[in-house]
Every structure is written in C-alpha cells, then in structure tokens.
**Student:** 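Sending over a structure as structure tokens; questions will come in a sec.
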Amino acid sequence: MNSRGSIFGNMPPVTKNLIIINLIVWLAMFVLPGRIGGGLEELGGLHYFKAADFNPVQLVTYMFMHSTGSFAHIFFNMFTLWMFGMTLERTFGSARFLFYYMSCGIGAGIIQELAWMLTWESTLTPILANAMHIDFPEAREMLQSPVMQGQVSQWLNIFVTIGASGAIYGILLAFGMMYPNAPIYLFFVPVPIKAKWMVTGMIAIELLIGLSEAAGKSDGIAHFAHLGGMIFGFIIIYYWKKKGTFGGGGYGGY
C-alpha cells in the first residue's frame, strides 16, 4: 500500500498535477462519444490564428490534449515529464517550474503559428487545386482573393496541433542545461549519453525534419513547436542564470 502510494506521494506537486490533468483530459477525449470527444479537440486544439475556430486561449489548452489514436503520444510525454520534471521542479522550485513549463508550451505554440504563417498557402494550394480540379496558379489566386477570405478562414481550420511536446522539449532542454553531464540511458542505446549531447542531437534532428516539413514533406508532427519550446526554454534559463537567481545543477551544471 505504501509503495503504491509513493509513486505520486514522492512526486513534487506541479509535476504530479500536470500529469494528472493531462491524463484526465486524454481520458475525456477517449471515453466521451465521438462527437463530443472530437469537439474537445476542435475547441481546445491550437488553430492557426487566421482560422475561423482560433481562440487565444488555445495557446494554453492545446498543451493538455493528446491524440487518442495512440497511447504512445501521451505516454512518452508524461513519462518524460515524470523522469525529468521531478528533478527540475526540485531545482527551480514549484512556482518557477510551473512558470517555465507553461512558458515553453505557450512559446511552442507561438513558433508553430509562425511556421503556419509561412507555409499555409503552399500547403492549401495543392489541396484546393486537386479538390476543385484546377491548376495551382488559379488555386493560389483563389486563396489570395479578398472575396474568398471568409471561406479561406474555414479551410484554415485544417491546421490544428495538440500535445504537451513543446513544453516537454523545453523540459529536456532545461535538464541538458542544468545537468549537462548527467548520463541518460535511451531505448536501444547500450551506452549512456550525456544530457548535453542528447539535447544537441534532438535540436539537430528537429531542425532538419522541420525544414523538410516546410519543404512539403510533412509527417504530421509539429517539429517547429518542439524547437519553439526549446527556444523559449533557453531564453528563460539564460535570463535566470544571467540574473544569478539560482545556481547550476549537478553533474557539471554551469
């Protein structure tokens, strides 16, 4: 009884409650009937800011929603939050950790909006051209026509992202900065990797895939949002370090 209770009992409050909230929302999306469950994603998922269904509150709500098509999405995000979030919350303090987590999630959403702003037209043009059996220049002209802007705002609702991954990547970045030489054991890798090299590799991978996605080879994952969480995380930690508001972590933290 004590060992079972200690799983959450030993967990710092913010990490624990973030995991609980994410699981509750995921269960609501999974258990409720299709129309209602789908409505939750349409209401709380982050839309492009020019889309008809966009709401600024979505910059917060989207990070508490996960795909119900696979358990892997929420499992790996919450596992990472549990694995690294506890250490960071004890390092930062609960209030500062919550501020950091939410800032990274919101920052990830902002970067995703910027990515959509640069790519929405090139994404919608072939879709519209194929659907209406017209050529690309004509489809592009339709998207740019002032008369069509009401309809275009409805079409822009196809751009939706959900998930805590942006905030989670911010958590990974923070751990790599605070504990750069901490050994990390990854699945299918027989030797430990220092946290700083793991984070560097993740940044490189996300940047390469994100650029490939911008070129039209989308895999349905918001890679620029992941980078956005890291960018905002770096800025926050750099500022805190510069102000001297807390010391470095263990394992050679600076």
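In this chain, numbering begins with 1 at the start of the sequence shown.
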**Student:** Do L46 and F159 come close enough that some side-chain heavy atom pair is under 4.5 Å?
**Tutor:** no

**Student:** Which residues satisfy the ring-ring contact (aromatic ring centres under 6.0 Å, His included) test with W26, sequence neighbours excluded?
**Tutor:** F30, F71

**Student:** Could you tell me if the side chain of C104 sits less than 4.5 Å from the side chain of Y169, heavy atoms only?
**Tutor:** no

**Student:** Identify the two heavy atoms, one from H66 and one from M63, that lie closest to each other, and give their separation to 0.1 Å.
**Tutor:** CE1-O, 4.2 Å

**Student:** Provide the closest heavy-atom pair for N77 versus S165 in the form atom of the first, atom of the second, distance.
**Tutor:** ND2-OG, 3.2 Å

**Student:** Donor-acceptor pair, Y101 side chain versus A167 backbone, under 3.5 Å?
**Tutor:** no

**Student:** Among F175, F234, Y239, F92, exactly one meets ring pair (Phe, Tyr, Trp, His ring centres under 6.0 Å) together with Y100. Which residue is that?
**Tutor:** F92

**Student:** Is the shortest heavy-atom distance from the side chain of I127 to the side chain of I158 under 4.5 Å?
**Tutor:** yes

**Student:** Taking all heavy atoms of I19 and all of M11, pick out the closest pair and write down the distance.
**Tutor:** CD1-SD, 3.9 Å

**Student:** Less than 4.5 Å apart, side chain to side chain, heavy atoms only: is that true for V199 and M230?
**Tutor:** yes

**Student:** Going hydrophobic residue to hydrophobic residue with side-chain gaps under 4.5 angstrom, can you get from L27 over to Y62?
**Tutor:** yes

**Student:** State, to 0.1 Å, how close V60 and I106 come at their nearest heavy-atom pair, and which atoms those are.
**Tutor:** CG2-CD1, 4.1 Å

**Student:** So, Q154 side chain and Q151 main chain: donor-acceptor pair closer than 3.5 Å or not?
**Tutor:** no

**Student:** Going through the checks in order, is the side chain to side chain contact (heavy atoms under 4.5 Å, CB included) test met by W240 and R96?
**Tutor:** CA-CA 10 Å; W240 285 343; R96 181 172 289 175; 2.9 Å; yes

**Student:** Is there a path of hydrophobic side-chain contacts, each under 4.5 Å between heavy atoms, that joins V57 and F49?
**Tutor:** no

**Student:** Keeping S122 on the side-chain end and T119 on the backbone end, is there a donor-acceptor pair under 3.5 Å?
**Tutor:** yes

**Student:** So does N157 get a backbone contact from the side chain of D53, meaning a donor-acceptor N/O pair under 3.5 Å?
**Tutor:** no

**Student:** Indicate yes or no: at least one non-hydrogen side-chain atom of M178 is less than 4.5 angstrom from one of K241.
**Tutor:** yes

**Student:** Got more than 12 heavy atoms from elsewhere within 6.0 Å of CD, E141?
**Tutor:** no

**Student:** Nearest 0.5 Å please: distance from the CE atom of M86 over to the OG1 atom of T15.
**Tutor:** 7.5 Å

**Student:** Hey, what do you get for CG (L118) to CD (E113), rounding to the nearest 0.5 Å?
**Tutor:** 11.5 Å

**Student:** Between F79 and W82, what is the ring plane arrangement, given parallel below 30°, perpendicular above 60°, and tilted in between?
**Tutor:** tilted

**Student:** Would you say V152 ends up clustered with V160 if hydrophobic residues are merged whenever their side chains have heavy atoms under 4.5 Å apart, either directly or through other cluster members?
**Tutor:** no

**Student:** Same cluster or not: are W155 and F136 linked, directly or through other Ile, Leu, Val, Met, Phe, Trp or Tyr residues, by side-chain heavy atoms under 4.5 angstrom apart?
**Tutor:** no

**Student:** Side chains of T161 and Q112: is there a donor and an acceptor less than 3.5 Å apart?
**Tutor:** no

**Student:** Rounded to the nearest 0.5 Å, what's the gap from CD1 on I74 to CE on M29? Could you check?
**Tutor:** 9.5 Å

**Student:** I need the M177 CE to L172 CG distance, nearest 0.5 Å.
**Tutor:** 13.5 Å

**Student:** With heavy-atom distances below 4.5 Å as the criterion, would you say the side chains of Y179 and T91 are in contact?
**Tutor:** yes

**Student:** Side chain to side chain contact (heavy atoms under 4.5 Å, CB included) for F64 and I24? Distances and angles first, verdict last.
**Tutor:** CA-CA 9 Å; F64 294 98; I24 290 174; over 6 Å; no

**Student:** Do the side chains of M117 and L114 get nearer than 4.5 Å, heavy atoms only?
**Tutor:** yes

**Student:** Counting N and O atoms only, with roles assigned by atom type, does the side chain of E89 sit under 3.5 Å from a partner on the main chain of V14, one being a donor and the other an acceptor?
**Tutor:** yes

**Student:** With rounding to the nearest 0.5 Å, note down the distance linking CD1 in I235 to CD1 in I237.
**Tutor:** 11.0 Å

**Student:** Under 6.0 Å between the ring centres of F54 and Y48?
**Tutor:** no

**Student:** Is there a side chain to side chain contact (heavy atoms under 4.5 Å, CB included) between F84 and I168? Walk through the geometry before answering.
**Tutor:** CA-CA 9 Å; F84 299 103; I168 296 300; over 6 Å; no

**Student:** Going through the checks in order, is the side chain to side chain contact (heavy atoms under 4.5 Å, CB included) test met by L173 and I231?
**Tutor:** CA-CA 9 Å; L173 184 281; I231 291 169; over 6 Å; no

**Student:** Donor-acceptor check, side chain of Q149 to backbone of S145, threshold 3.5 angstrom: yes or no?
**Tutor:** yes

**Student:** Nearest 0.5 angstrom please: L143 CG to E121 CD, how far?
**Tutor:** 6.0 Å

**Student:** Locate the shortest heavy-atom distance separating M148 from M142; write the atom from each residue and the value.
**Tutor:** CB-O, 3.3 Å

**Student:** Is a donor on one side and an acceptor on the other found under 3.5 Å between the side chain of D135 and the backbone of E138?
**Tutor:** yes

**Student:** Can you confirm whether I171 sits close enough to F97 that some side-chain heavy atom of one is under 4.5 Å from a side-chain heavy atom of the other?
**Tutor:** yes

**Student:** Which heavy-atom pair separates P12 from R90 by the least distance, and what is that distance?
**Tutor:** CD-NH2, 3.7 Å

